[in-house]
2 protein chains.
Amino acid sequence: MIIDRNSPIPKYFQLQTWLIEQIEMGVFKANDKIPTEQEFKNLTGLARATIRQAVQNLVSMGYLLRKRRLGTFVIDQRREKLQTNIGLMIPDIRMGNAPELARGVEDEAARTQHSLILCSTDDLYVKADFHANRLINSSISGVIFVPTAASDDKNYQIIEKFMRHNILVVLADRSLPQIDIDYVTTDNFEGAYRQTEYLIKKGHTRIGIVISTSFNTERLRLEGYKKALADYNISVNGSIIITDSVPYNEERYMHYVTDLLKQRDKMTAIFAGHDRIALLFYSAAKKMGISIPDDISIVGYDDLPLMTIKLTTTHQPFYEMGQESMRLMLRRIRGESGNPQQIVLKSYFVERSSVLPYRNNSY
Amino acid sequence: MIIDRNSPIPKYFQLQTWLIEQIEMGVFKANDKIPTEQEFKNLTGLARATIRQAVQNLVSMGYLLRKRRLGTFVIDQRREKLQTNIGLMIPDIRMGNAPELARGVEDEAARTQHSLILCSTDDLYVKADFHANRLINSSISGVIFVPTAASDDKNYQIIEKFMRHNILVVLADRSLPQIDIDYVTTDNFEGAYRQTEYLIKKGHTRIGIVISTSFNTERLRLEGYKKALADYNISVNGSIIITDSVPYNEERYMHYVTDLLKQRDKMTAIFAGHDRIALLFYSAAKKMGISIPDDISIVGYDDLPLMTIKLTTTHQPFYEMGQESMRLMLRRIRGESGNPQQIVLKSYFVERSSVLPYRNNSY
DNA sequence: TTCTTACAATTGTCTGTACAATTAAACCCT
DNA sequence: AGGGTTTAATTGTACAGACAATTGTAAGAA
């Protein structure tokens with residue numbers, strides 16, 4: 001029976017809850033006619049006014065539509081209730097390829113009449129949490145989230161908070177271990193491997209690296225670099241592998257860059273963790289009177305639009321990453337279920353002129 | 001009397017309408033207690049259920065709040081109804097200083113729990129109109145709008161569309177003639193004047209320029225450049241003043257840049273309309289074997305973060321422009337009236353090393 | 001066939017009554 | 001004063017019944 005007459009819960013509320021359940025479970029589908037007030041009266045034994053009260057509430061909540069003479073009908077939630085806002089939580093819109101990513105998301109969102117709410121986290125948990133709370137209060141249907149530099153646990157907390165509020169989450173660029181969730185990233189391992197192999201084939205065997213290990217994207221690049229060296233039976237002096245678990249910042253990494261350049265007799269090429277680190281090398285090299293690529297070769301990663309520097313690097317398709325994240329989000333919004341998807345986009349190598357072939361002149 | 005018993009209009013509806021009128025006319029003010037159901041019964045002669053129906057509707061419409069035992073109260077529309085979304089319509093988040101601007105708006109918005117909806121117009125009227133329609137349908141309280149490259153009329157149309165829907169508009173960066181509206185921009189005329197004067201004081205008299213005239217920001221820079229030359233009684237060969245009413249695009253302006261460099265014996269310094277044009281000069285100069293600043297001096301405008309090029313330029317405070325636009329918006333949201341404000345932010349000159357003093361060696 | 005009319009199903013409006021639940025404020029007791 | 005208890009005002013829930021308005025459909029008329 002629908003109504004428990006002994007329950008302290010108001011009867012109109014019981015009926016109302018039951019109706020919502022039926023609708024959400026799909027027993028009453030979109031555009032279905034629900035029982036008439038008279039039928040409900042027979043079904044439940046309640047007075048018509050009580051039934052009306054329950055139905056009226058669902059009408060103002062947007063679940064039902066009354067049509068005189070015809071009856072009361074279920075409104076197509078997807079079409080009518082549309083929340084058309086999507087959150088995008090990224091470290092900083094001013095940083096690196098963030099604008100590309102944002103634009104990819106925006107263009108794909110606009111095609112389906114969705115709007116993009118921009119939130120910069122500065123890679124901090126507190127800011128991410130602040131924005132998460134705000135986004136939850138405004139009505140959004142999903143969030144595309146680039147995990148912050150905080151611990152994995154903190155990032156899980158953010159994600160779970162969204163999920164508790166029925167907000168869809170898609171991770172972009174950086175993924176997190178031990179959580180099964182939709183994400184879109186690029187093939188950092190393969191990209192780094194390809195790039196290192198390129199250096200090796202150009203005759204370089206002593207290849208330094210400066211890279212952060214705070215994100216799994218970077219850790220994968222480091223792995224790719226190491227794997228390529230191992231596959232070619234090249235062992236590397238540990239002193240020219242500089243890693244730091246602290247995320248990139250100009251000042252700190254400038255020290256590493258300078259340190260590495262001071263040891264330049266130990267190597268002929270350098271793998272910079274990303275293009276901004278590569279730029280630090282250009283800057284430091286200039287000061288130290290070292291010429292790139294004549295004295296030392298360098299590769300970056302990201303393919304930032306640098307205009308004047310011809311840096312050999314790997315292009316990451318950030319615009320496409322934004323698009324794919326949004327497409328994945330849209331599929332979930334449309335109700336597509338199924339296992340979490342991991343989309344790994346292909347990066348491609350961009351050969352410019354920051355690498356020269358190495359010929360050992362000592363013979 | 002409140003209720004007309006002969007009217008065909010439902011009595012609950014009459015009461016409901018009367019109540020809304022009283023609230024909107026300020027007879028019942030925010031947090032005022034309205035009559036109890038019993039009082040309404042005496043006042044109108046209606047049954048309590050009918051009165052309840054009217055009141056209930058206003059509750060779900062957000063006008064009233066019922067408190068058991070205390071009565072029913074008017075909700076403060078301004079505080080409760082707050083729309084916390086703001087639109088930001090810019091040409092392209094990937095372009096130039098757009099990320100700075102966006103971040104400035106975002107940070108200022110976040111302080112007051114407002115969210116930023118990002119819309120890229122690509123400087124096209126159709127896209128701006130498309131986004132405008134979307135923004136109007138979602139519920140936003142205002143738009144920060146960077147006018148598109150379309151005609152002034154088209155831009156007015158967009159602005160008026162927003163205004164018809166009671167959406168506040170603040171223009172950023174580019175202003176429009178003959179429309180009295182809040183806007184925030186920078187002192188393009190003064191900045192260009194200052195920069196040209198700098199070149200003159202360094203001994204340059206033959207100063208070329210490549211600049212678009214599609215936006216008033218750029219037209220003002222051109223005026224500043226001309227005024228400085230006039231003030232120092234320098235007349236310039238028209239062939240080294242290259243202007244185009246078509247907005248910047250790389251290919252088209254590369255032609256102008258190359259053309260100007262071909263006439264380089266006619267000048268000793270160049271004013272690039274903005275930093276991206278300056279970069280074209282670096283690129284073209286390299287191909288043509290011309291050295292900057294040894295063979296020719298150059299100044300830009302914008303202070304893009306270029307890292308490796310030491311371009312003398314003028315810094316435009318885009319982050320602050322975003323902040324100020326949002327602050328102005330917030331004042332309007334809070335109901336501050338008064339004449340439209342024009343905020344002109346100060347840019348500052350950044351001396352780097354793309355300019356050398358000119359000494360005439362022919363004596 | 002096409003137009004008009006009548007019918008009936010359903011929601012819409014309205015009245016009247018009764019008791020329950022909540023809770024600020026008054027009251028009372030230490 | 002302070003803390004607990006009662007009271008009463010008000011909204012909340014629920015019932016029963018009546019007639020109005022709307023409108024798709026069917027029956028009837030042209």
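Labels below follow one simple rule: chain letters A, B, ... track the order of the sequence lines, proteins then strands, and each chain is numbered from 1. Heavy-atom basis, side chains included; hydrogens, waters and symmetry copies ignored. Since we're looking at a predicted model, the values are computed, not measured.
Less than 4.0 Å separates DNA chain C from at least one heavy atom of each of the following residues of residues 46-56 of chain B: Leu46(B), Ala47(B), Arg48(B), Ala49(B), Thr50(B), Gln53(B).
Each of Arg327(B), Glu320(B), Glu324(B) was scored for a side chain to side chain contact (heavy atoms under 4.5 Å, CB included) with Ile343(B), with one residue passing: Glu324(B).
Between Lys11(B) and dT13(C), a side-chain N or O to OP1/OP2 separation shorter than 4.0 Å is absent.
Between Met89(A) and Ile117(A), the closest side-chain pair of non-hydrogen atoms is not below 4.5 Å. Side chains of Ser60(B) and Gln56(A) form no contact here, defined as non-hydrogen atoms less than 4.5 Å apart. Contact of the Leu46(B) side chain with the Gln14(B) side chain is not registered, since no non-hydrogen atoms from C-beta on lie closer than 4.5 Å. Here the side chains of Ser325(A) and Phe145(A) are not in contact, with every heavy-atom distance at 4.5 Å or above.
Proximity of a side-chain donor or acceptor of Glu106(B) to a complementary backbone N or O of Ser120(A) within less than 3.5 Å is detected. For the pair Arg332(B) (side chain) and Glu336(B) (backbone), a donor-acceptor distance under 3.5 Å is present. A distance-only check finds a donor-acceptor pair linking the side chain of Asn155(A) to the backbone of Thr148(A) [under 3.5 Å].
Mapped onto DNA chain D by nearest heavy atom, Lys67(B) and Pro10(A) fall at different nucleotides, with Lys67(B) at the one closer to the 5' end. Taking for each of Thr72(A) and Tyr12(B) the nucleotide of DNA chain C with the nearest heavy atom, the 5'-most of the two is the partner of Thr72(A).
Using a 4.0 Å cut-off between charged nitrogen and carboxylate oxygen, Asp107(B) and Arg111(B) do not count as a salt-bridge pair.
Going from atom CG of Asn57(B) over to atom C1' of dG12(C) covers 12 Å, rounded to whole Å. Distance, Phe40(B) CZ to dT15(C) C1': 18 Å, rounded to whole Å. We find that CD of Gln38(B) is positioned 14 Å from P of dT15(C), with the value rounded to whole Å. Rounded to an integer number of Å, the gap from Leu58(A) CG to dT11(C) C1' is 16 Å. Atom-to-atom, CG of Leu70(B) to P of dA21(C) comes out at 19 Å; the value is rounded to the nearest Å.
Running 5' to 3' along DNA chain D, contacts with non-hydrogen atoms of chain B at under 4.0 Å begin and end at dA8(D) to dT13(D).
Lys41(B) comes within 4.0 angstrom of no nucleic acid atom, judged by non-hydrogen atoms across all strands.
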